[in-house]
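Have a look at the structure below before the remarks.
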Amino acid sequence: MTSYDTLGGSGGGVLPGIGGLWHWFKHMKLYRVILLVTLCFLVGPFIFYHLLQDDESNAPHNDIHRTRSQLDTFEEVSPLKAADLKLRIDEMLRIKGTVSLELRDLESRRQKLQSDIGLYNQKIDELKQELARQQTELDRLKISVEQAQVAQREAVLRNTPELALPRALFSDSLPVERRPIAVEQSRACKMSTCFDHSRCSLTSGFPVYLYDPDTTVVVSEGYDIDGFLKTTIKQTLGYNAHLTTDPKKACVFLVLIGEALPEHEVLKNNRYNTPQDRAVPGGPIQQSSLNATRLRMLPFWGGDGRNHVLLNFARREIGTSAGNMLRGTTVDTGRAMVVQSSFEESQFRPGFDLISPPILGPPGGDVWQECVPMLPARRKYLLSFQGELNGQNGSMGGEMGPRLPGTDDTEADTVDEFIIEHLKDMSSGRTQDHFLLQFECVPATEQRNPSNVRDWSLCGTDNSRKSVLKDSTFALLLAPGGGSVSSTLLQARLYEALRAGAIPLILGGDQVQLPYADTIDWRRVVIALPKARITELHFLLRAIPDADLLTMRRQGRLVWERYLSSVQSTVDTIVASLRDRLGMPPKPVPSVVAHSVFNSSFIPLKSDPVIDTEPEESLGPIEPPYPSPAFRRNYTAALMQSREMWNDWADPFALYPQLPFDPVLPSDAKFIGSHMGFRPIGKGAGGAGKEFGESLGGNYPREQFTIVILTYEREQVLMDSLSRLYGLPYLHKVIVVWNSPKPPLEDLRWPDIGVPVHVVRAPRNSLNNRFLPFDAIETEAVLSVDDDAHLRHDEILFGFRVWREHRDRVVGFPGRFHAWDVNTLDSWNYNSNYSCELSMVLTGAAFIHKYYTYLYTYTLPQAIRDKVDEYMNCEDIAMNFLVSHVTRKPPVKVTSRWTFRCPGCPVSLSEDDTHFQERHKCINFFTKVFGYTPLLNTQYRADSILFKTRIPHDKQKCFKFI
């Protein structure tokens, strides 16, 4: 045996070393290990329990924790001690009651302490909120100080004057007597050669003087001016703001010279050819109704008639020779301008004389009853014409007058014959289109008289022609011959076509002049074709789509209503046309004086406003009142936007403080040379909510808005609404229109909201008072709200910011729409249901431009305002109709709010059962007045840019809840 084996064998009888133990565990089977561990878990608890029992048995017998009850000892007490036991029990019960009382007292104290802790926590929260509010207010004040510093620097650096209404500069002398000019010079007159501009300062307001037609006689013996014209011209000019009674101040002098009729015809009322002696070219000179000697003897004629305007209106005589009292005469009018409806080419001085329509309408007032609906676009007749050619040598119109000496009308006759034959073939051809073309009057027109003027006389009566025109898509107008650039008959046909909604088609339009052609864009109203286009006429008429037809029809009615329809419109248009030639602004539009409901000696009581909890966000700086700059474009508006004034807005008669159509500066102008008044966000670097709340931004300089509240005997509701306006940024003032005949209570306390509150006495109880253009409104933006409207500050300011980008539209909160009546299929219904299409925004909570308050008060047809008073309803619908009619745009709805009534407010007019029925009727009546429904649908609303957008945590949204 080796020594190694000896060591291994002898090692089995002794304890192994560490290496041997590890060797033993390494070679032990797994099941043995598991058995060993299980045995330890089973034996261990028994050993531990035995040790605990030994320890408990060795404890002392008087241990206070022994389980034997103390009451067991009473079993060993003798009965003689029972009385003591009862006393002990009573004592224990007394102690128990005392302890219970102490416990209840402690519980009440605990509850009181908890209540105090809750109150203190509530006060802590309130103080935290107040701290946040004060911090927000401090931030707003810091922003306000910065804005004020910017405004101060701008005031110091300003190098342009603040424009406002200028002081009028008038001439202080009568026209100086000058030598009469030669006839050749008179026929070549222009504004630059025959008009004295020195009497017409740009700031004069274009004063106009009218010679009294009752005392100033310029017609020849045996003639007199139509009495209707003398009366109505004086009356209508009396309403014109440019009229002056001081001839020293006058810029122009108006002289009424016609319509002059023989004295025996003045008492008759006949609108057709009155026999008059007319000169034949080359024949003997006939007596003119205008007396040149009396004309030169006018007190302010000045020798040559400069700055004089001769008005010759046709009214009763609408014939081939009417409207041109200077035809075939030798009367010298000097430097005077002539205004009449008929001119020969040799007479008319373009840019100097003025073509006006004949007087065929009433003196003034609403004229919409004379019109017919614009729809449908295509009517029964594609083209209509009724007339008879006079003053020609053929046989088309029957036996006419003799050939005029020295004239050759063969070519004109040939062209007219070809046109008539082609029109007849077109109407009788194989086509689905219907025509009504009559080239002879059947029955013949009364008082037909031979005339030397080639023109198409009217057939039938005014009503018979109107019945044909209202069924005509186009009305044919044939240009007069004989070298006429305009004729009374042509102007009468134009008047009647536009009134009936028939689009005028002038064949020979390249050789005629239409009324007020310097200002009215007739290409948007009529189709003027040379006679050579007769063969392509039918093709052209069929190629015009419905949208263009209705656009031209609408524009034609607009021109007719504003410039042609009545004596008032004709006179106003003549004055405006003359003023426009001189580049002079019109007179300022009058505002409504806001008379306070309080006496001058009465001071209303003030109270602190009840502040509602507003979102903890900075919505804008607190600024001092800043009115919108007014009358800054006194001269440039008329120069740059004259076409728009005459043709789009159809309102060249007044000068407005501001317009919603004013031009916008390019973006870089805010930083290069034209920065005055602009408050770009982040000083131009942009930004999110924080920077957005510090500046107004946008494309326009800084501005504020005015709130107009209409109220009627709901004082507490009004006070609550006013209180909610406290601290509203960009608010200039509040106008409260007091519609009640009863004055406010003397002890009524008006909340002090930090801006002026003007309580205006309404002239009468009318919802139209909501849109009166009060002089107290000094901002362009007007927020019209009901007295029970409940809007948050962030909603109001967001609406204001949106309006600044859509200044020409109604921008507001509650949306409504007009729905087609699918049962009757011939009317509209007013609908307030939830819809994905809107066409109206109620003005109970909406922004509008002050410009529209002027239009609503002065140009909206009176019938609409009367209907509003009749129903005591629908003024908001009327405003939506008006704005959409002017702009052809729908309103803009902001935020998701669908209603705006405050909870718990008294019942308003809109809760009446008849409210919706009246609004149905209003929409259909307003459609009848306008001739069509101007409301347009929109399918979107406006929300702030970062609304529902995920942004970084260090950024703020534009508005937290919008």
Side-chain angles (χ1 to χ4, degrees), residues 136 139-140 143-144 147 150 614-615 617-623 626-628 658 660 662 664-665 667 670 677-708 724-725 727-733 755 779-785 789 791-815 841 843 845-850 883 889-897 900 938 940-949 951 955-962:
T136 303
D139 294 339
R140 293 176 61 184
I143 299 172
S144 302
Q147 299 284 2
V150 173
E614 288 286 336
E617 56 180 329
S618 178
L619 298 174
I622 301 299
E623 300 177 323
Y626 178 74
S628 298
Q658 308 94 5
D662 288 343
V664 184
L665 286 172
S667 298
K670 292 181 285 187
F678 284 96
R679 300 293 183 268
I681 295 176
K683 298 181 179 180
K690 180 180 182 300
E691 296 80 7
F692 181 77
E694 295 175 353
S695 303
L696 195 55
N699 302 312
Y700 291 87
R702 69 184 181 114
E703 59 183 329
Q704 298 175 347
F705 62 92
T706 302
I707 293 181
V708 177
R724 289 192 290 269
L725 300 178
L728 179 61
Y730 306 115
L731 177 60
H732 183 258
K733 69 175 63 171
V755 298
T779 60
E780 296 184 58
V782 178
L783 174 58
S784 171
V785 296
L791 298 174
R792 302 194 313 264
H793 285 192
D794 57 344
E795 292 176 318
I796 294 175
L797 291 181
F798 178 66
F800 176 54
R801 288 178 180 269
V802 173
W803 174 88
R804 297 183 76 236
E805 300 181 24
H806 303 278
R807 310 171 77 87
D808 59 339
R809 299 158 80 172
V810 179
V811 177
F813 301 90
V841 167
T843 54
F847 282 92
I848 59 174
H849 197 284
K850 187 183 178 183
V883 176
K889 297 177 182 178
V892 177
K893 173 177 168 44
V894 293
T895 77
S896 60
R897 180 185 287 268
F900 57 91
T938 180
Y940 74 93
R941 74 169 190 235
D943 293 305
S944 64
I945 291 180
L946 296 181
F947 181 62
K948 291 187 176 180
T949 300
I951 60 175
K955 298 292 184 180
Q956 299 178 11
K957 291 193 174 184
C958 310
F959 295 93
K960 287 186 177 181
F961 306 100
I962 299 177

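The model shown is predicted, which means the values in this text are computed figures rather than measured ones.
Thr706 is not listed as a side-chain neighbour of Lys850, based on a closest heavy-atom distance of 4.5 Å or more. Residues Pro890 and Arg809 are in side-chain contact: their nearest non-hydrogen atoms beyond the backbone lie under 4.5 Å apart. In this structure, the side chains of Pro891 and Val883 stay at 4.5 Å or more apart for every pair of heavy atoms.
Side-chain atoms of Lys670 come within 3.5 Å of backbone atoms of Gly698 as a donor-acceptor pair (strictly under, hydrogens ignored). With His793 contributing its side chain and Arg724 its backbone, the two residues share a donor-acceptor pair below 3.5 Å. In this structure, the side chain of Arg801 does not engage the main chain of Ser944 through any donor-acceptor pair within 3.5 Å.
Scored by the side chain to side chain donor-acceptor pair (under 3.5 Å) test, Arg807 finds Glu703, Glu780 as partners (sequence neighbours excluded). Contacts of Phe692 classified as ring-ring contact (aromatic ring centres under 6.0 Å, His included), with partners at least two apart in sequence or in another chain: Phe959. Shown here are the side chain to side chain donor-acceptor pair (under 3.5 Å) partners of Arg702, two or more places apart in sequence or in another chain: there are none. Among residues two or more places apart in sequence or in another chain, the side chain to side chain contact (heavy atoms under 4.5 Å, CB included) test is passed with Pro621 by Ile143, Ser144, Gln147, Glu623, Tyr730. With sequence neighbours left out, the side chain to side chain donor-acceptor pair (under 3.5 Å) criterion links Lys690 to Glu694. In this structure Pro701 satisfies the side chain to side chain contact (heavy atoms under 4.5 Å, CB included) test together with Phe678, sequence neighbours excluded.
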Problem - Derivation and outcome, side chain to side chain contact (heavy atoms under 4.5 Å, CB included), residues Gln704 and Phe800 - result: CA-CA 9 Å; Gln704 298 175 347; Phe800 176 54; 5.6 Å; no

Problem - Verdict with reasoning, Leu728 to Phe705, per side chain to side chain contact (heavy atoms under 4.5 Å, CB included) - result: CA-CA 11 Å; Leu728 179 61; Phe705 62 92; 3.8 Å; yes

Exercise for the section: Determine, step by step, whether Val841 and Phe847 satisfy the side chain to side chain contact (heavy atoms under 4.5 Å, CB included) criterion, reporting the C-alpha distance in whole Å, the side-chain angles of both residues, the deciding distance to 0.1 Å, and the verdict. Expected result: CA-CA 10 Å; Val841 167; Phe847 282 92; over 6 Å; no

Practice task
Carefully, step by step, assess Lys893 and Thr938 under the rule side chain to side chain contact (heavy atoms under 4.5 Å, CB included).
Solution key: CA-CA 9 Å; Lys893 173 177 168 44; Thr938 180; over 6 Å; no

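The two residues Thr895 and Asp943 come nearest to each other via the heavy atoms CA-OD1, 3.6 Å. Of all heavy-atom pairs spanning Pro814 and Ala845, the tightest one is CD-O, 3.7 Å. Residues Leu946 and Cys958 share a closest heavy-atom pair of CG-SG, 3.9 Å. The two residues Arg804 and Gly697 come nearest to each other via the heavy atoms NH1-O, 3.0 Å. Taking each heavy atom of Val892 and His806 in turn, the nearest pair found is CG2-CG, 4.1 Å. Of all the heavy atoms in Ile848 and Trp803, the pair that sits closest is C-NE1, 3.8 Å.
Heavy-atom neighbours of Ile945 CD1 from other residues, nucleotides or ligands within 6.0 Å: at or below the threshold of 12.
Between the CG atom in Asp794 and the CG atom in Leu619 there is a gap of 6.0 Å [rounded to 0.5 Å]. To the nearest 0.5 Å, atom CG of residue Leu783 and atom CG of residue Leu791 are 7.0 Å apart. The distance from the CG atom of Asp662 to the CG atom of Asp808 is 11.0 Å, given to the nearest 0.5 Å. The distance from the OG atom of Ser896 to the CZ atom of Phe947 is 6.5 Å, given to the nearest 0.5 Å.
Judged purely by distance below 3.5 Å, without hydrogens or angles, the side chains of Thr843 and Ser784 never pair a donor atom with an acceptor atom.
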